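Counting starts at 1 for both ligands and their atoms, following the listed order. All figures in this text were calculated on a predicted structure; none of them were measured in a lab. Side chains included, hydrogens not; waters and symmetry mates left out as well; all remaining heavy atoms used.
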Amino acid sequence: MQVVEAKGARIPLIGLGTWDLRGRTCVRIVEQALRLGYRHIDTAEMYDNEREVGEGLRNSSVPRQDVFVVTKIWPSHFAPRELMRAAKESLVRLRLSEVDLLLLHWPNPQIPLSETVGALCKVKEAGQARHIGVSNFTVALIEEAVKLSTEPLVCNQFEIHPFLDQSKVIAASRAHGMAVVAYSPIARGRAKNSDLLARIGKAHGKTAAQVSLRFLVQQQIAVIPRTSKLERLEENFSIFDFELTANEMAEIAALSGRDGRIVDWSYSGSPRWD
Ligand SMILES: NC(=O)c1ccc[n+]([C@@H]2O[C@H](COP(=O)([O-])OP(=O)(O)OC[C@H]3O[C@@H](n4cnc5c(N)ncnc54)[C@H](OP(=O)(O)O)[C@@H]3O)[C@@H](O)[C@H]2O)c1
């Protein structure tokens, strides 16, 4: 399994996104993904599926220590006591004693970041998270969080795919030694409608979605595509047996623009901070 390393964390380059997967579908997809070889599962308290993710993990019979489990604290729980309680409740739902990575899901300007980051560090010190990090943090917020944190922040997870230029946030995350994790890495399915990605894929015997994922992992960006379909689990995982040429990488990079964002920032209830 290829990984991206950051401050002692080894994050598998391919993971399974689980947003919107519920009930038995979620259990089955997590279980099957692990059987196929996935070793990184992404959930969040907000996804309302941590119980099912934990069940899928146990059903798979893959040893717990072989799987990198990520969950996230929702911004309405960023006051220190609430954050610590929310982290514990996630562990209870997952039926785990610790997660591998605990993230702040979105920025929350209503609560001082110093308090939130302090509480996140305490969760790590208490042994409930092996690593901590952030999600949807802007360049300015990354700087601020790193200054405030007494523990290493190992990752920033945010929207990245071929249609969105995220070069500034990627550079800022890396400048602080953080791993970059791409959510919506196939642009919620939009990748499959791209003629360019399809054409490049055809040259390698791959689909447009696989090219979208390969474009990211080839830049050492971890990807967490989500699917509710068993057959697509394998498709999304099979991205390590081909390589895009420098020319193809440049052609794909040229698809990106500043208005390619899919996920609405107002969704978190917090305005953007940049
Ligand atoms: N930190 C955050 O704020 C945040 C925000 C958004 C997402 N995330 C995480 O990132 C994960 C992935 O992002 P996402 O769910 O937004 O989008 P995504 O993974 O880019 O796209 C998922 C969509 O693409 C379809 N799909 C999956 N594999 C495909 C393939 N091989 N070919 C064609 N279509 C395919 C899926 O449909 P089917 O189910 O029909 O396959 C689904 O509709 C989430 O599940 C979540 O874990 C985090």
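In this pair, F240 and F237 present their aromatic rings perpendicular. The plane angle is above 60°, beyond the 30 to 60° band. The aromatic rings of F242 and H204 lie tilted to each other, with the angle between the two planes from 30° to 60°.
Interface atoms of ligand 1 facing W106, defined by a heavy-atom separation under 4.0 Å, are 3 (O). Counting atoms of ligand 1 from 1 in the listed order, those under 4.0 Å from a heavy atom of I224 are 9 (C), 10 (O), 11 (C), 12 (C). Under a 4.0 Å criterion applied to the non-hydrogen atoms of N136, ligand 1 contributes the atoms 1 (N), 2 (C), 3 (O). Those atoms of ligand 1 that come under 4.0 Å of a heavy atom in A209, given as number and element, are 30 (C), 31 (N), 32 (N). Those atoms of ligand 1 with a heavy atom of G189 less than 4.0 angstrom away are 21 (O), 23 (C), 24 (O). Shown in contact with H105 at under 4.0 Å from a heavy atom are these atoms of ligand 1, numbered in order with element: 1 (N), 2 (C), 3 (O). The atoms of ligand 1 that sit less than 4.0 Å from any heavy atom of T18 are 45 (O), 47 (O). With ligand atoms numbered from 1 in the order given, ligand 1 contributes 38 (P), 39 (O), 40 (O), 41 (O) to contacts under 4.0 Å with heavy atoms of S228.
Residue-to-ligand polar distances keep K72 apart from ligand 1: every N/O pair is separated by 3.5 Å or more. In terms of N/O distances under 3.5 Å, ligand 1 is approached by I186. At under 3.5 Å, not a single nitrogen or oxygen of K192, backbone or side chain, sits near a nitrogen or oxygen of ligand 1.
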Distance-only criterion, 3.5 Å: show the donor-acceptor pairs between side-chain atoms of residues 187-202 and protein atoms not counting sequence neighbours.
unit_1, atom_1, unit_2, atom_2, d
S194, OG, L196, N, 3.4
S194, OG, L197, N, 3.0
R199, NH2, E251, OE2, 2.8

Which donor-acceptor pairs under 3.5 Å do the side chains of residues 169-183 make with protein atoms, sequence neighbours left out?
unit_1, atom_1, unit_2, atom_2, d
S173, OG, N156, ND2, 3.4
S173, OG, V169, O, 2.7
R174, NH2, Q219, O, 2.6
R174, NH2, Q220, O, 3.3
H176, NE2, E143, OE2, 3.4
Y183, OH, N136, OD1, 2.7

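Enclosure of atom CD in E234 is not indicated, since only 12 or fewer non-hydrogen atoms of other residues, nucleotides or ligands lie within 6.0 angstrom.
Residue E235 touches ligand 1 through its side chain alone, judged by heavy-atom distances below 4.0 Å. If you look at S135 next to ligand 1, the close heavy atoms, those under 4.0 Å, all belong to the side chain. Contacts with ligand 1 closer than 4.0 Å are made by backbone heavy atoms (N, CA, C, O) of A187 only, the side chain lying farther away.
In this structure, F158 has no heavy atom closer than 4.0 Å to ligand 1.
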Any chance you could lay out the side chain to side chain donor-acceptor pair (under 3.5 Å) test for E45 and H77, step after step, and finish with the verdict?
CA-CA 10 Å; E45 62 166 321; H77 297 148; 3.0 Å; yes
Would you please test E55 and R24 for salt bridge (charged side-chain N to carboxylate O under 4.0 Å, His left out) and show each step?
CA-CA 10 Å; E55 193 180 336; R24 299 321 297 168; 3.0 Å; yes
Can Q210 and S238 be said to form a side chain to side chain donor-acceptor pair (under 3.5 Å), step by step?
CA-CA 7 Å; Q210 288 172 317; S238 305; 4.7 Å; no
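Among W19, F237, Y183, the residue whose heavy atom lies nearest to atom 45 (O) of ligand 1 is W19. Selection from E159, R226, E234, H161 by nearest heavy atom to atom 43 (O) of ligand 1 gives R226. In the candidate list R188, R232, Q210, R232 is nearest to atom 38 (P) of ligand 1, counting heavy atoms.
At a threshold of 4.0 Å, the pair D48-R93 does not count as salt-bridged, since none of the basic side-chain nitrogens sits closer than that to a carboxylate oxygen.
Using a 3.5 Å distance cut-off with no hydrogens or angles, the side chains of T245 and N247 do not pair a donor with an acceptor. Remark: the E235 side chain and the T207 side chain contain an N/O donor-acceptor pair separated by less than 3.5 Å.
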